[in-house]
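Shown next, in structure tokens, is the structure this report addresses.
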There are 2 protein chains.
Amino acid sequence: MSSSGAELKDITRTLRAQGRRVTPQRRLVLRLLQEQGGHLSADELYRLACQRRPRISLSTVYRALDVFEGLGLVRALHLEGEHHRYEIARDGEHHHMICLACGRVIEFECGHCAEMNRDLAERYGFDITGSRVQLLGYCTDCRARGEGRVH
Amino acid sequence: MSSSGAELKDITRTLRAQGRRVTPQRRLVLRLLQEQGGHLSADELYRLACQRRPRISLSTVYRALDVFEGLGLVRALHLEGEHHRYEIARDGEHHHMICLACGRVIEFECGHCAEMNRDLAERYGFDITGSRVQLLGYCTDCRARGEGRVH
DNA sequence: TTATATGCAAACAATTTGCATCCTG
DNA sequence: CAGGATGCAAATTGTTTGCATATAA
């Protein structure tokens, strides 16, 4: 089975449950996000969508993403500087490492984070409902190509 | 001594070393950031600056922040949704907890993060040069006022 | 059949830039 | 006095909105 997110059937159900409709545009946006493995910006999604459905508009892409985010089907990533990127929401929190040379985004899960949250909740009396962790650096490939900082 | 960042003398030196100039506008922006304890947006800085120097322009504020960031004197925070916020750069990495009810930003240092970085560097062959951690939740005060999620 | 979605164009907000003028070094 | 910095207005970029029309249920 696909690990890249909910099936069309589930999505249809989720949308309908909220009185929203399943349209070809929405299906397309979601499919692109699944096919490309996520981390796409609204504009990238729009360009890709145009290849299969030339009359789709950028605002439709934004609106679709908005609806999906509201339903918990899609997550928006707020990466440094750039515009936002979107990915299919999956179970389990994960975070991102971003390569400063090639822009690649690598996902990781992190046990330390849970520990950190507990620790901080205690230290500051904060009730932590979510966390965003971004690590900036250089990926293996780029380092092999001589990119990155000198050690 | 002030723990809120470099002294004017240091700043002057840093600027001059790069052929940049020390102007009243730049001094003002930096001072406001120090006085207010940081976490201000460009626009907030602009408004505050206007009180002391009505003819200053928003673009000057942006340009000052840009120069300071380039010199490592100021850090830009990219918080969820909102516009960017800026703070005086200090030694030692710290991160931010943001209260979803009152918007307050609380800084914290975190030993787990260093550990996490080592761990991930090893697991993925990534050379991590920096990290940004944001925890979202509800601060003690807001929880006392009944804000926040139900347990 | 009827409310939700779409496409398009226009509106927005945050940030950047061009340019004549000003002022620091 | 020369080149960097400023103020102002106009341009850009990413995103949102209004509205008439199209379409899913």
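In what follows, chains carry the letters A, B, and so on, assigned in the order in which the sequence lines appear, proteins first and then strands, with residues in each chain numbered from 1. Every heavy atom of this structure was used, including side-chain atoms; hydrogens, water molecules and symmetry mates were not.
The shortest distance between the side-chain N/O atoms of B:R16 and the OP1/OP2 oxygens of C:dG25 is below 4.0 Å. Considering only side-chain N and O atoms, B:Q25 lies nowhere under 4.0 angstrom from the phosphate OP1 or OP2 of C:dC23. Using a 4.0 Å cut-off, some side-chain N or O of B:H84 falls inside it from OP1 or OP2 of C:dT15.
Between the side chain of A:R20 and the base of C:dA5, no donor-acceptor pair under 3.5 Å is found.
At whole-Å resolution of the value, CG in A:L28 and P in C:dG7 are 10 Å apart. With rounding to whole Å, B:D43 atom CG is found 17 Å from C:dC12 atom P. When rounded to the nearest whole Å, the span between OH of B:Y86 and C1' of C:dA14 equals 9 Å. What separates CD of A:Q18 from P of C:dA3 is a distance of 19 Å, to the nearest Å. Put simply, CG on A:L65 is 14 Å from P on C:dA5, counting in whole angstrom units.
With a heavy-atom cut-off of 4.0 Å to chain A, the contacted part of DNA chain D has its first and last nucleotide at D:dG14 to D:dA25.
Cluster membership check: B:L120 does not share its hydrophobic cluster with A:L79, using side-chain heavy-atom separations under 4.5 Å among Ile, Leu, Val, Met, Phe, Trp and Tyr. In the hydrophobic clustering of ILVMFWY residues, with side-chain heavy atoms under 4.5 Å counting as a link, A:L100 and B:I128 come out apart.
Ion pairing between a basic and an acidic side chain is recognised when a charged N comes within 4.0 Å of a carboxylate O; A:R47 and A:D43 show such pairing. Ion pairing between a basic and an acidic side chain is recognised when a charged N comes within 4.0 Å of a carboxylate O; B:R31 and B:E35 show such pairing. Between B:E93 and B:R75 there is no salt bridge, since no side-chain nitrogen of the basic residue lies less than 4.0 Å from a carboxylate oxygen of the acidic one.
For the pair A:V133/B:R132, no side-chain contact is recorded, criterion being any heavy-atom separation below 4.5 Å from C-beta on.
Neither side chain, A:Q134 nor B:H78, offers a donor N or O lying under 3.5 Å from an acceptor on the other. Judged by distance alone, the side chains of B:H39 and B:E87 do bring a donor and an acceptor atom under 3.5 Å apart.
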Checking A:I11 against A:V22 for the side chain to side chain contact (heavy atoms under 4.5 Å, CB included) test, could you report, in this order, the C-alpha distance in whole Å, the side-chain angles of both residues, the deciding distance, and whether it holds?
CA-CA 8 Å; A:I11 289 155; A:V22 180; 5.9 Å; no

Take B:C50 and B:I56 through the side chain to side chain contact (heavy atoms under 4.5 Å, CB included) test and state the conclusion after the steps.
CA-CA 6 Å; B:C50 279; B:I56 195 172; 4.1 Å; yes

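No donor-acceptor pair closer than 3.5 Å links the side chain of B:S41 to the backbone N or O of B:R85.
Map B:D66 and B:T23 each onto its nearest nucleotide of DNA chain C; the residue landing nearer the 5' end is B:D66.
For the helix from C:dT1-D:dA25 to C:dG25-D:dC1, the terminal axes (five pairs an end, C1' atoms, rotation from four pairs onto the next four) enclose an angle of 40°, given to 10 degrees.
Proximity of residues 48-64 of chain B to DNA chain C (heavy atom under 4.0 angstrom from any strand atom) is restricted to B:L58, B:S59, B:Y62, B:R63.
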